[in-house]
Amino acid sequence: MDSRTIGIFAIIILYLAGMVGVGIYFMKKNSSAGDYYLGGRKLGPIVTAMSAEASDMSSWLLMGLPGVAYLTGVADAAWTAIGLAIGTYLNWLIVAKRLRRYSAASGNAITIPEFFSNRYRDKSKILVAISAAFIVIFFIPYTASGFAACGKLFSTLFNVPYLPAMIVSAVVIVLYTALGGFSAASTTDLIQSIVMTAALVFVVVFGVSNAGGMDAVIRNASELPGYLSLTSIHSEGMAADYGPIKIISTLAWGLGYFGMPHVLLRFMAIKDEEKIKISRRIASIWVVISMGVAILIGIIGYSLSKGGMIETLTGSDSEKLIITIATLMSKTGVIGIIVAGLIMSGILACTMSTADSQLLAASSSISEDLLKKVFKRSINEKASLIAARGTVLIIAVMGVILASDPNSSVFGIVSFAWAGFGAVFGPVMLLALFWKRSNRYGAMMSMVSGGAMIFIWKYLVRPMGGAWDIYELLPAFLVAIVLNVIVSLATPAPEKEITEEFEKVAKG
């Protein structure tokens, strides 16, 4: 390694050591599974907001989104961002406060499956089993996308094989998550959101300057057919139509928020529900600005490649755009090396902030929901913590295996997992919180049909193309919510105890 690479490596090592240090600090504060998985419901408004959004954005923000904008232009990336921005705001506005209150009132639930089980008084624990199983099914590939992003980062930066680079990254993430639990994950997420923001700003300022100014960036992008249009995309040297069906399909990304376990857990963990308004404002503003800047980086990247400042990237390699720009920056001197190191740390921050939350959510589903409630294994708090940490390790190993292919697309993996969670849990969550007549039969049917439709639409229907080329989240979400309503109405109404609790929560 040359001195430039060593300098960047040193900054990254310091950053990773700091994250592990946070995990060690919070390890001593976890005395129960409730502390480990929900931080004792003591999160403040700023930590709640930024940890929720940092855990949500993942490596998709600094790698997937700029890569899509770089390859095809504004449309696909912009409509996705618009859908996510709307989804973020609505989730904070209508779900956050009600879920915080309801999860505490309904048996003080500390996981999403436990909340559903308590909400519907499901003594059979079938709801817990179904929801926990789906969490594991979709979180393993989601976690794998984070590991893959880290592998691409280190293999590109240090010219080392992808697989060992990815494994080392996974080990660090697992280490501080397994040690510190939810509090460590939330605190590091706050730190990581700051690093991510700094990385976005640095890349934009440097990129615009080296591309010849903003006028040059816009001029170069305008020369490509469809590149700056919201109704067409640039493909193979020409503009391809991006019509109403495609726009609606892409906006459907926003529906995913209602079913994201790692985001919903932040709502359940906030200390004061009256501070949620502050969290909503912080989260919404940060999401809009960060995604807008990420798309701009993709456009700037095209100008840099056209001017010969960076190499032309194709296919999944486009997700390395921000790494390539940071590498260019590191050649400008000591300050450039420091800033490049911060940018690389920002990419790690995106990845780690999501992977740690996903590992915890998946771990809680196995150790708390399946082990204790479904299989009815009675274990003390110490054994529960050991089981929780062991489960984090097992899920991480599965994620590493899935991420072993260096050609895997971060954007593609995240897209599938996002759709899965949105369709399985979104309709159930909305109806559980806002429809008194919903019952456990409708919830079960909703989860199963939503999860099944994700696979059916993606692998059987969508490949037909044309009008069928719709993001699988939209049809799966609609099917799940319709069947939830139909089955709930066709089966016995909820018991009086359940409806009284619903009314009490609704009144506040």
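Numbers here simply count residues along the sequence, with the first being 1.
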With sequence neighbours left out, the residues meeting salt bridge (Lys or Arg N to Asp or Glu O under 4.0 Å) with Arg462 are Asp469, Glu472
Rounded to the nearest 0.5 Å, the OG atom of Ser249 sits from the CG atom of Leu474 at a distance of 6.5 Å
In short, Ala77 meets Leu65 closest at the heavy-atom pair CB-CD1, 3.7 Å
Between the CD1 atom in Ile300 and the CD1 atom in Ile325, the distance rounded to the nearest 0.5 Å is 7.0 Å
So, the side chain of Tyr120 versus the backbone of Leu127: is there a donor-acceptor pair under 3.5 Å, distance only?
no
Could you tell me whether Ile218 atom CD1 has more than 12 heavy atoms of other residues or ligands within 6.0 Å of it?
-> yes
message: Side chains of Ile498 and Arg119, heavy atoms from C-beta outward: is any pair under 4.5 Å?
response: yes
Between the OG1 atom in Thr250 and the CD1 atom in Ile470, the distance rounded to the nearest 0.5 Å is 10.0 Å
Closest heavy-atom pair, Ile247 versus Leu230, reported as atoms and distance to 0.1 Å, is CD1-O, 4.1 Å
Worked verdict on Trp92 versus Ser279 for side-chain contact (heavy atoms from CB on, under 4.5 Å) = CA-CA 8 Å; Trp92 280 98; Ser279 299; 3.3 Å; yes
Sorted by chain and number, sequence neighbours left out, side chain to side chain donor-acceptor pair (under 3.5 Å) with Ser303 holds for Asn220
Exercise. Does the side-chain hydrogen bond (donor to acceptor under 3.5 Å, both in side chains) test come out yes or no for Trp286 and Thr197, once each step is laid out?
Worked result: CA-CA 9 Å; Trp286 186 82; Thr197 302; 2.7 Å; yes
(request) Kindly determine whether Met444 and Val448 satisfy side-chain contact (heavy atoms from CB on, under 4.5 Å), including the steps that lead there. (result) CA-CA 6 Å; Met444 291 176 193; Val448 173; 5.6 Å; no
#### Entry: Parallel, tilted or perpendicular, as decided by the 30° and 60° cut-offs, for the rings of Tyr257 and Trp418
perpendicular
Interatomic distance, CD1@Ile486 vs CD1@Ile481, rounded to 0.5 Å, equals 11.5 Å
Exercise. Are any non-hydrogen side-chain atoms of Phe116 and Ile130 less than 4.5 angstrom apart?
Worked result: no
Side chain to side chain, Phe425 and Ile135, heavy atoms closer than 4.5 Å: yes
Closest non-hydrogen contact found for Val424 with Met447 is O-CG, 3.5 Å
side-chain contact (heavy atoms from CB on, under 4.5 Å), that's the test. Do Phe206 and Val339 meet it? Break it down for me. CA-CA 10 Å; Phe206 177 81; Val339 174; over 6 Å; no
Tell me, do Val287 and Tyr89 make a side-chain contact under 4.5 Å, heavy atoms counted? no
Result for salt bridge (Lys or Arg N to Asp or Glu O under 4.0 Å) between Glu273 and one of Arg280, Arg98, Arg100, Arg101 points to Arg101
Looking only at heavy atoms, the pair that brings Ser318 and Leu71 closest together is OG-CD1, 3.4 Å
Report task. Please report the C-alpha distance between Leu228 and Ile299 in whole Å, then the side-chain angles of each, then the deciding distance to 0.1 Å, and finally whether the side-chain contact (heavy atoms from CB on, under 4.5 Å) criterion is met. Result -> CA-CA 9 Å; Leu228 295 181; Ile299 299 171; 4.1 Å; yes
Notebook entry, point to check: Does some side-chain heavy atom of Tyr471 sit less than 4.5 Å from a side-chain heavy atom of Trp457?
Noted result: no
Say whether, by atom type as modelled, one donor and one acceptor occur between the side chain of Thr324 and the main chain of Lys320 under 3.5 angstrom. yes
Does Trp435 have more than 12 heavy atoms from other residues, nucleotides or ligands lying within 6.0 Å of its CH2? yes
- prompt: Side chains of Met453 and Leu478: closer than 4.5 Å at any heavy-atom pair?
  reply: no
The reported gap from CG in Asp317 to CG in Leu321 (rounded to nearest 0.5 angstrom) is 11.0 Å
message: Quick check on the 6.0 Å ring-centre criterion: do Phe416 and Phe455 meet it?
response: yes
Please check this pair: side chain of Ser449 against backbone of Met445, looking for a donor-acceptor N/O pair closer than 3.5 Å. yes
Shortest non-hydrogen pair, Phe434 vs Ile94, comes out as CZ-O, 2.7 Å
Smallest heavy-atom separation, Ser438 atom then Ser488 atom, equals CA-OG, 3.7 Å
Looking at Lys458, I'd like to know if its NZ atom is crowded, meaning that more than 12 non-hydrogen atoms belonging to other residues, nucleotides or ligands lie closer than 6.0 Å. yes
### Query
Does any non-hydrogen side-chain atom of Ile112 lie less than 4.5 Å from one of Met429?
yes
Output for pair (Ile295 CD1, Asp76 CG), nearest 0.5 Å, gives 9.5 Å
Side-chain heavy-atom pair Phe115, Leu264 within 4.5 angstrom cut-off: no
